[in-house]
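Order of the sequence lines sets the chain letters (A, B, ...), proteins ahead of strands, with each chain counted from 1.
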Protein chains: 2
Amino acid sequence: MDHPDGETVKRRRTSNRASVTIRDVARHAGVSVATVSRALRGSDLVHPATRERVDAAIEALRFTPSQLGRSLAERRHAANGIVFPDLSGPFYAEVVLGYEEVAARLGRSVLILSTHNRESADEMVLDLAGRVDGLAVFGRTVHDVVVAEIVERGVPVVLMARTEVRGADSVRTENVSAAQSVVEHLVTHGHRRMAFLGDPVDSTDVAERWAGFRAAVDRAGLPAPDQPVTAGFKEDDGARAAVDLRAGGLPDVVVCANDELALGLMEALEDHGVRVPDDVAVTGWDDVMAARYAGLTTVRQPMRDMGARAARMLDARISGDSSEPRHDVLTTQLVVRRSCGLHPKEAHR
Amino acid sequence: MDHPDGETVKRRRTSNRASVTIRDVARHAGVSVATVSRALRGSDLVHPATRERVDAAIEALRFTPSQLGRSLAERRHAANGIVFPDLSGPFYAEVVLGYEEVAARLGRSVLILSTHNRESADEMVLDLAGRVDGLAVFGRTVHDVVVAEIVERGVPVVLMARTEVRGADSVRTENVSAAQSVVEHLVTHGHRRMAFLGDPVDSTDVAERWAGFRAAVDRAGLPAPDQPVTAGFKEDDGARAAVDLRAGGLPDVVVCANDELALGLMEALEDHGVRVPDDVAVTGWDDVMAARYAGLTTVRQPMRDMGARAARMLDARISGDSSEPRHDVLTTQLVVRRSCGLHPKEAHR
DNA sequence: GCTCCCGTTGATACCGGTTACATTAACCGG
DNA sequence: CCGGTTAATGTAACCGGTATCAACGGGAGC
């Protein structure tokens with residue numbers, strides 16, 4: 001078996017500086033680059049015998065087409081981005097999972113970026129927007145003007161759990177009526193004095209939950225607090241809140257803006273001899289895995305579905321769909337566990 | 001203020017088909033593309049007055065340099081990849097977090113890919129390798145030959161929690177001595193008959209944990225089981241194992257390969273009236289958030305650090321470090337909670 | 001035997017940046 | 001007044017693919 005260009009192969013093996021390009025393959029196979037490209041793309045305008053020669057050359061040179069060259073020529077990245085405030089917490093991973101799964105199936109890579117409240121977040125997101133065909137943006141990671149700028153550039157954007165921006169699709173979960181379900185359920189337990197833990201300024205979701213909570217408490221004819229007990233999003237924040245709450249006189253129940261807060265709160269309370277749910281009931285939001293083991297009553301959100309939808313929306317836009325922006329709202333579900341108080345008939349479990 | 005090229009702007013605004021390129025900017029500013037490029041890169045070989053004109057043109061045309069063009073010319077992607085078996089579970093998110101954080105700081109985007117046991121995983125990973133400057137591969141996601149192939153192509157690879165491959169760096173956590181700590185601790189509780197739950201074939205980590213477990217049990221002079229009780233990685237798998245274990249006569253303790261298994265097992269046991277730790281003790285691995293609330297004794301691994309290290313290793317390789325492959329082993333930590341049995345002196349908490 | 005057509009293929013202009021090298025002009029000392 | 005620097009800029013060749021369009025060879029139709 002002769003090997004017309006064995007030397008090239010050898011050279012490459014010792015110094016893999018210069019990578020092998022489509023032109024090397026063309027030369028090796030004795031055809032033009034156009035033909036190699038056609039063979040690569042599976043075009044039917046190439047003679048079987050030629051294709052075979054090309055394939056042999058590709059094999060011999062161990063050629064892999066450069067994604068960069070290809071993307072530049074095709075003017076598409078074949079990649080989507082997703083932006084998060086923070087990837088920690090059990091919550092976001094699910095969204096990414098749903099997103100990545102769909103994107104992968106559609107042949108797109110996924111670029112992730114978590115902003116961590118860095119002041120350079122806007123810049124980073126703009127940069128990311130230049131590397132993708134479409135971008136999903138979660139929560140309050142980036143200013144509205146930046147989103148608008150990206151939309152203006154022609155990059156499709158879908159917002160997740162975030163206030164709408166002109167020209168961008170969005171997906172979010174239902175909060176107001178879920179808050180109402182929570183309150184209504186708590187009322188059946190006989191709880192009266194209700195507090196809300198979480199900072200509405202932090203996120204649209206929390207703002208809606210707080211609003212829904214207040215409205216529902218009002219509607220139930222109970223005394224609604226004027227203010228939420230403000231706190232961050234982490235277990236520590238919940239633990240700290242326990243101190244404030246005990247100082248101010250414990251309510252019957254604390255509705256928390258997310259599970260981590262609720263869990264931190266419960267733990268801190270119990271450390272101080274306050275029993276949950278006997279002395280005070282607690283509810284959360286998200287239904288993270290730990291909530292199940294802690295017996296936390298909470299609101300389940302279809303996070304994975306949210307990610308998947310975002311990916312599909314982007315795909316549609318990238319594929320040329322230019323209809324009016326869509327705004328999906330996913331339904332949530334109340335998950336009742338021990339922490340909101342046991343009904344007599346449930347007490348056996 | 002006159003506007004030599006206002007029409008271009010207008011045209012662009014109505015039809016954002018053709019994006020504005022560096023040549024448009026050059027024309028608008030009355031300079032060459034080289035000068036624009038230099039101005040963009042902040043070269044000091046451009047006259048302040050010229051730079052100003054260029055900046056004005058960039059502003060006027062709302063020019064954003066194409067990352068693709070730039071990457072092609074610079075022959076670097078400015079992006080790293082990370083490959084996972086599955087992004088679900090509370091475990092991987094932490095690794096990604098550490099990885100992304102460091103990569104972002106180093107100016108690299110992060111591409112994620114989760115293989116989900118798809119048969120096309122090898123292909124997907126190879127494709128990904130063509131889009132990045134470096135790749136982190138977690139666990140048993142892809143065959144050794146594929147890793148070797150990527151290394152051969154000259155793309156730096158770091159393996160995480162996976163058997164080593166020639167030419168690739170690796171990071172993993174210590175398993176054998178951690179298993180020994182677990183067993184030794186269990187012995188102090190007076191436990192004798194020990195079982196191991198998890199499938200050593202599934203992952204290198206589990207294989208090491210099983211081996212370490214056996215050795216430690218042996219060393220303690222206790223009867224070591226010949227076989228692990230095989231199971232997957234999820235809570236369901238743990239729950240299913242509960243049935244088998246009860247059928248075979250309960251041991252004193254079940255050492256599980258990860259927390260999800262342990263949690264599923266504990267829950268299923270308690271549902272059947274088997275008390276943990278009184279009737280049987282259970283330990284896990286990973287220290288996920290839920291473990292804390294379930295009171296699960298487990299082994300904590302520095303997942304975030306693992307991701308961060310991987311990112312730094314890749315950075316070094318990409319920057320030209322061609323020293324011998326490194327193989328870091330991170331230390332783990334036994335976290336004792338209720339599930340392994342209460343010592344008298346701990347009983348008050 | 002001579003068009004015409006079609007299946008293949010090649011040459012080359014892109015895609016949008018970077019950068020080596022050439023060029024120009026101003027400023028220097030002798 | 002002149003050769004030699006040096007700062008600032010332009011020209012054009014890359015990077016590695018895709019795709020258009022022209023060209024070519026051979027069989028069908030007349």
Self-check item: Donor-acceptor pair under 3.5 Å, B:Arg75 side chain vs D:dG16 base
Solution: no
Exercise. Specify whether A:Tyr92 and A:Phe84 have parallel, tilted or perpendicular ring planes, treating 30° as the upper limit for parallel and 60° as the lower limit for perpendicular.
Key: perpendicular
Self-check item: Sugar-phosphate, base or nothing in reach of B:Gly130, heavy atoms under 4.0 Å
Solution: nothing
Practice problem: Please round to the nearest 0.5 Å and tell me the distance separating atom CG of B:Leu330 and atom CG of B:Asp328. | Solution: 6.5 Å
Practice problem: Rounded off to whole Å, could you give me the CD1-to-P distance for the B:Ile22 and D:dT11 pair? | Solution: 14 Å
Quiz item: Looking across every strand, which nucleic acid part, if any, lies under 4.0 Å from A:Thr21 by heavy atom: base, sugar-phosphate, or nothing?
Solution: sugar-phosphate
Practice problem: Quick one: look up who C:dC21 pairs with, Watson-Crick or G-U, both distances under 3.5 Å, and put none if it's unpaired. | Solution: D:dG10
Quiz item: Rounding to a whole Å, what distance do you find between B:Arg27:CZ and D:dG10:P?
Solution: 14 Å
Quiz item: If you walk 5' to 3' along DNA chain C, what is the first nucleotide with an atom under 4.0 Å of a heavy atom in chain A, and what is the last?
Solution: C:dT8 to C:dG16
Quiz item: Quick one: CZ on A:Arg131 to OG on A:Ser109, what's the gap to the nearest 0.5 Å?
Solution: 13.0 Å
Quiz item: Where each residue is assigned the nucleotide of DNA chain C containing its nearest heavy atom, which of A:Arg23 and A:Val46 is assigned the position nearer the 5′ end?
Solution: A:Val46
Quiz item: Does any N or O donor sit under 3.5 Å from an N or O acceptor when you compare the side chain of A:Arg70 with the base of D:dG16?
Solution: no
Quiz prompt | Rounded distance [0.5 Å steps], CG in A:Asp133 versus CZ in A:Arg317 | solution = 15.0 Å
Quiz item: What integer distance in Å separates B:Leu68:CG from D:dG17:C1'?
Solution: 12 Å
Practice problem: To the nearest Å, give me how far apart CG (A:Leu40) and P (D:dG16) are. | Solution: 15 Å
Quiz prompt | Spacing of CG belonging to B:Leu72 relative to OG belonging to A:Ser66, to within rounding of 0.5 Å | solution = 6.0 Å
Quiz item: When the nearest nucleotide of DNA chain C is assigned to A:Arg51 and to B:Arg38 on a heavy-atom basis, which residue is associated with the more 5' position?
Solution: A:Arg51
Practice problem: With the side chain counted from C-beta on, respond yes when A:Thr115 and A:Val83 share a heavy-atom pair under 4.5 Å apart, and no when they do not. | Solution: yes
Quiz item: NA contact type, B:Ser71, heavy-atom cut-off 4.0 Å: base, sugar-phosphate, or nothing?
Solution: nothing
Practice problem: Using whole Å, report how far CD of A:Gln67 lies from C1' of D:dT18. | Solution: 13 Å
